[in-house]
Protein chains: 2
Amino acid sequence: MEMNSAVARLAALAQPLRLSVFRYLVEAGPGGASVGEIREAVAAAPATLSFHLKELQAAGLVDTCREGRRIRCRARYQAMNELIGYLTENCCRGEGAAAPGGECAITEGEAS
Amino acid sequence: MEMNSAVARLAALAQPLRLSVFRYLVEAGPGGASVGEIREAVAAAPATLSFHLKELQAAGLVDTCREGRRIRCRARYQAMNELIGYLTENCCRGEGAAAPGGECAITEGEAS
DNA sequence: TCCATATTTCTAGAATACTCGAATTAAAGG
DNA sequence: CCTTTAATTCGAGTATTCTAGAAATATGGA
């Protein structure tokens, strides 16, 4: 996964309403939920929700398809797993690597 | 971890320069790096870097402490692990669950 | 066809974020 | 005290994001 995609997905999730929507879709399971159901769950104005759903879609985190009058949305679990993979590989050190050196202030005259 | 903290950390990482800085600090290891070292690595104007470091700090992803004239920065691995934990618990569903029975006519990549 | 429902697009104002030059603070050492 | 180096804060300009009312589009049904 490229850094750009990672930033895009992080940005998509870095907004309270969008994170709520995504969590709701994850809870909804693979069957997903309609825009109307989501709107009730998160209590947002239609235009506002539409705006945020588009952002989630653009980031690849949500899939939509029309189903009669409704539009069904589903979380793209794979995109999420990719993001978690990126963070784990690029932004973690080992796992539970405790800081050994402790805090600053002790190193003096060391390491120019 | 609360949703608010998760959003704050996601937002902190959802910016190319900040993500680069954080990745650099992770690579630097528990010893961290000075602001000047970071600045060279990411090629940012001093004021710009200072702004973004403050954001990372505010989100709890970076720790700083003065060391003589320099300021040493370290990645807070624990904060990252918490974030990954939050995403894993709240935003994932099992593994590659592609259960059909869906209503949409569109079949997902899963050919049976 | 006309109507109701479901959702999007348009639009514009308000809020937030980003960048960076210049001035400022902080520390170490003449 | 003065200078140099390291980094921050201030301030202003630019850009992006968020919100939501109103109008438009899409679908199914009487």
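Protein chains get the first letters and strands the later ones, always in sequence-line order, with residue 1 at the start of each.
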Between [X] and [N], is there a contact of a side-chain N or O with OP1 or OP2 at under 4.0 Å?
| X | N | value |
| --- | --- | --- |
| A/Arg18 | D/dC18 | yes |
| A/Gln15 | D/dT19 | yes |
| A/Lys54 | C/dT9 | yes |
| A/His52 | D/dT17 | no |
| B/Arg69 | D/dT5 | no |
| A/Thr48 | D/dA20 | yes |

Main-chain N/O of A/Ala12 paired with A/Arg18 side-chain donor or acceptor, under 3.5 Å:
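Indeed, once roles are kept as given, a pair shorter than 3.5 Å links the two residues.
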
Over how many whole Å does the gap from [X] atom [atom1] to [N] atom [atom2] extend?
| X | N | atom1 | atom2 | value |
| --- | --- | --- | --- | --- |
| B/Glu40 | D/dA6 | CD | P | 10 Å |
| B/Ile38 | D/dA6 | CD1 | P | 14 Å |
| B/Glu67 | D/dA7 | CD | P | 10 Å |
| A/Leu53 | C/dT7 | CG | C1' | 10 Å |
| B/Arg66 | C/dT25 | CZ | C1' | 8 Å |
| A/Leu19 | D/dC18 | CG | C1' | 16 Å |
| B/Arg39 | D/dA6 | CZ | P | 8 Å |
| B/Arg70 | D/dT4 | CZ | P | 18 Å |

Nucleotide of [options] approaching [X] most closely (side-chain heavy atoms):
| X | options | result |
| --- | --- | --- |
| A/Phe51 | D/dT8, C/dC20, D/dC18 | D/dC18 |
| B/Val35 | C/dT8, D/dA20, D/dT8 | D/dT8 |
| B/Glu55 | C/dA26, C/dA22, C/dC18 | C/dC18 |

Hey, are the side chains of [X] and [Y] touching, using non-hydrogen atoms and a 4.5 Å cut-off?
| X | Y | answer |
| --- | --- | --- |
| B/Met3 | A/Ser20 | yes |
| B/Cys91 | A/Leu19 | yes |
| B/Arg9 | B/Glu82 | yes |

DNA chain C: A/Leu49 or B/Pro46, which has the more 5' nearest nucleotide?
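Nearer the 5' end of the strand: A/Leu49.
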
Please figure out whether A/Leu17 or B/Glu37 has its closest DNA chain D nucleotide nearer the 5' end.
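The answer here is B/Glu37.
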
Report the C-alpha distance between B/His52 and B/Val21 in whole Å, list the side-chain angles of each, state the deciding distance to 0.1 Å, and finish with yes or no for side-chain contact (heavy atoms from CB on, under 4.5 Å).
CA-CA 9 Å; B/His52 289 296; B/Val21 167; 5.7 Å; no

